[in-house]
Amino acid sequence: MADINTNTIAVSKQKLRGKIVGSIDGRFYVPSYQRGYRWERKQVRQLLDDISRSGDGVYYLQPVVVAPNDRDGFDLIDGQQRLTTISMIYRLLSYRKRSFDQALSLGINIANPLDGRNVEVPYSIEYETRDAYTSEFVSRIGDTKLEDLFEESRATPDTLYMWHVCDEINKWFGNDTRRLQDIADALNGRVKIIWYELEESVDCWEKFADLNVGKIPLTNSELIKALFMREDNKNNISEHDKAVIVDQWDSIERELNNKQFWNFLTKREMSDYDTKIDLLFDIVTGKSRDERDDFFTFLHFERQYEQAPNEFGKKAWNEIYLQYLRLRDWYEDPTNELYHKIGYLVNVDDKEEVLADLFEYSKHKTHAELRAEINRRIQQTITLPTPDEGRIGIKHLTYGKHNALITNILMLFNVLTVQNMADKTQRYSFYHHNNTIHATAAENSARCL
């Protein structure tokens with residue numbers, strides 16, 4: 001129980017919430033142990049494209065990790081690149097706004113598309129990493145024509161990277177006034193960062209080192225855990241319930257390290273997940289393999305919290321834990337039928353959402369209906385092709401033309417053979433299927449080339 005209390009306290013020392021970019025204020029200090037600014041053109045263009053394509057929905061940036069310091073500001077432990085880039089976007093918007101106003105003052109009949117919009121940088125950044133030149137250079141962006149800053153930017157690597165990013169931002173804006181308006185509105189209304197605030201007593205260097213060498217990556221599970229352990233108690237979770245959640249959390253993490261259990265749940269490598277419980281959250285939220293947002297699962301629960309913080313708490317965790325217990329029941333099915341058939345579907349289906357779909361289906365169905373649905377889905381994986389002259393039989397399948405179908409049929413035959421054995425302690429090993437059979441097949445293929 002001592003370990004549980006320690007974990008609870010450690011997580012509760014972190015203040016976590018989503019913040020609109022335009023509402024970020026204060027003074028940030030980039031400590032000297034951090035590297036300089038290194039964003040490239042392609043990164044800022046990707047950022048602007050993603051914000052533009054996100055429509056009217058909330059768009060989340062990656063976490064910013066800060067700690068209060070004794071200078072009425074924050075040490076910026078992680079997020080220097082993002083906050084610097086955003087500040088430069090604001091500065092270039094501000095430059096455009098002033099340019100339109102100057103044109104109007106000279107009698108040029110042109111409307112200011114940014115009129116009434118706040119495009120001033122809402123925060124300041126001091127770079128202790130280098131001398132004062134970097135901070136001074138950033139402050140001149142938006143006050144000076146960008147072309148006139150190029151020679152000055154070549155003084156340091158940091159400022160040269162900054163100049164090229166600013167040039168790319170200007171090119172992305174072009175002469176499209178709609179883009180100017182959309183980005184300004186997005187930054188002030190729907191683009192959020194995940195604000196991760198540490199206690200002042202936390203050793204910032206140690207936290208920075210942990211984040212950057214991978215000891216404490218900001219995984220979805222760590223962020224989700226912080227939602228449940230919030231010290232403001234808005235989620236109505238008692239200290240006793242927090243201890244229970246941590247105990248169950250640790251138990252899930254241990255059990256998901258079982259290779260047989262893991263390969264029943266997914267074809268993904270265990271090494272793909274720093275914390276194995278992240279797989280559970282992927283399943284619970286139905287995260288697809290093609291999902292580009294690294295923090296998809298955290299944002300799923302963060303939205304639940306924001307919509308109804310008083311109802312989030314223990315109820316949300318119980319639903320997650322219930323889903324986990326259902327997955328474990330399928331794995332431990334004493335008849336072995338669910339274990340073998342679901343394991344087969346997971347290992348032959350191209351989608352990652354198989355278990356999420358089955359769980360959702362099982363919520364309001366009987367065991368018999370669930371088994372019938374599983375059988376129906378299995379049938380779909382071995383549907384024989386239907387040429388114009390009529391359905392062909394298994395004996396007409398050929399390698400090179402029907403490889404995927406042949407593989408499915410052979411695997412299903414092997415799985416059902418083991419399932420129907422009189423000795424119910426015998427189970428088909430999806431772990432060995434993924435790590436031995438596939439590896440041998442790949443090796444044999446390589447020898448044939």
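Residue indices begin at 1 and follow the sequence shown.
- A salt bridge between Arg179 and Asp182 is absent, with no side-chain N of the basic residue lying under 4.0 Å from a carboxylate O of the acidic one.
- Pairing each heavy atom of Pro122 with each of Gly22, the nearest pair is CB-O, 3.8 Å.
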Practice prompt. Kindly determine whether Asn414 and Tyr344 satisfy side-chain hydrogen bond (donor to acceptor under 3.5 Å, both in side chains), including the steps that lead there.
Written response: CA-CA 10 Å; Asn414 291 333; Tyr344 164 80; over 6 Å; no
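- Under the salt bridge (charged side-chain N to carboxylate O under 4.0 Å, His left out) criterion, Lys171 pairs with Asp167, sequence neighbours left out.
- Remark: aromatic rings of Phe430 and Tyr339 are close, center separation under 6.0 Å.
- By the 30° and 60° cut-offs, the orientation of the rings of Phe312 relative to Tyr305 is perpendicular.
- Taking the side chain as every heavy atom from C-beta outward, Trp330 and Leu327 approach each other to under 4.5 Å.
- Side chains of Thr417 and Tyr428: no donor on one and acceptor on the other come within 3.5 Å.
- Judged purely by atom type and a 3.5 angstrom limit, His340 uses its side chain to pair as donor or acceptor with the backbone of Asn336.
- Taking each heavy atom of Ile169 and Ile89 in turn, the nearest pair found is CD1-CG1, 3.6 Å.
- Atom CG of Asp423 sits in a crowded spot, with more than 12 heavy atoms from other residues, nucleotides or ligands closer than 6.0 Å.
- Taking a 6.0 Å sphere around CD of Gln380, one finds it holds more than 12 heavy atoms contributed by other residues, nucleotides or ligands.
- The nearest pair of heavy atoms linking Gln80 to Tyr37 is OE1-N, 3.7 Å.
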Item to complete: Show your working on side-chain hydrogen bond (donor to acceptor under 3.5 Å, both in side chains) between Thr156 and Thr159 and close with a plain yes or no.
Response: CA-CA 6 Å; Thr156 72; Thr159 52; 2.7 Å; yes
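- Ring centroids of Phe301 and Phe281 are separated by less than 6.0 Å, placing the two rings close together.
- A salt bridge links Glu126 to Arg27: at least one charged side-chain nitrogen sits closer than 4.0 Å to a carboxylate oxygen.
- Closest non-hydrogen pair, Leu83 versus Tyr123, comes out as O-OH, 2.7 Å.
- Salt bridge Arg38/Asp158: present, at least one basic N to carboxylate O contact under 4.0 Å.
- In this model, a donor atom of one side chain and an acceptor atom of the other lie less than 3.5 Å apart for Ser221 and Thr275.
- Side-chain contact annotation: Asn263 with Asn434, donor-acceptor N/O pair under 3.5 Å present.
- The heavy-atom pair separating Cys166 from Ile141 by the smallest distance is SG-CD1, 3.6 Å.
- Proximity of a side-chain donor or acceptor of Asn69 to a complementary backbone N or O of Arg71 within less than 3.5 Å is detected.
- One N or O on the side chain of Asn257 and one on the backbone of Glu253 form a donor-acceptor pair closer than 3.5 Å.
- Between Phe74 and Trp195, the ring center distance clears the sub-6.0 Å criterion.
- Distance alone, capped at 3.5 Å, is enough to place a donor-acceptor pair between the Gln43 side chain and the Glu40 backbone.
- Between Leu61 and Val191, the closest side-chain pair of non-hydrogen atoms falls below 4.5 Å.
- Looking at Lys276 and Asp272, no side-chain N of the basic residue comes within less than 4.0 Å of a carboxylate O on the acidic one, giving no salt bridge.
- Between the side chain of Ser153 and the main chain of Leu160, no donor-acceptor pair closer than 3.5 Å is present.
- When side chains are defined from C-beta on, Phe228 counts as touching Trp317, because their heavy atoms get closer than 4.5 Å.
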Item to complete: Using the side-chain hydrogen bond (donor to acceptor under 3.5 Å, both in side chains) rule, take Glu302 and Tyr60 through it: C-alpha gap first, then chi angles, then the decisive distance, then the call.
Response: CA-CA 11 Å; Glu302 200 261 353; Tyr60 277 88; 2.4 Å; yes
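- Within the cation-pi definition used here (under 6.0 Å to the ring centroid, within 45° of the axis), Arg190 does not qualify as a partner of Tyr59.
- Just one residue in the list Tyr431, Tyr273, Tyr331 forms a ring pair (Phe, Tyr, Trp, His ring centres under 6.0 Å) with Trp262, and that residue is Tyr273.
- Thr85 and Gln81 share no side-chain donor-acceptor pair at under 3.5 Å.
- Minimum heavy-atom separation, Ile237 to Lys314: CG1-N, 3.8 Å.
- Gln379 and Asn375 form no side-chain donor-acceptor contact under 3.5 Å, judged by distance and modelled atom types alone.
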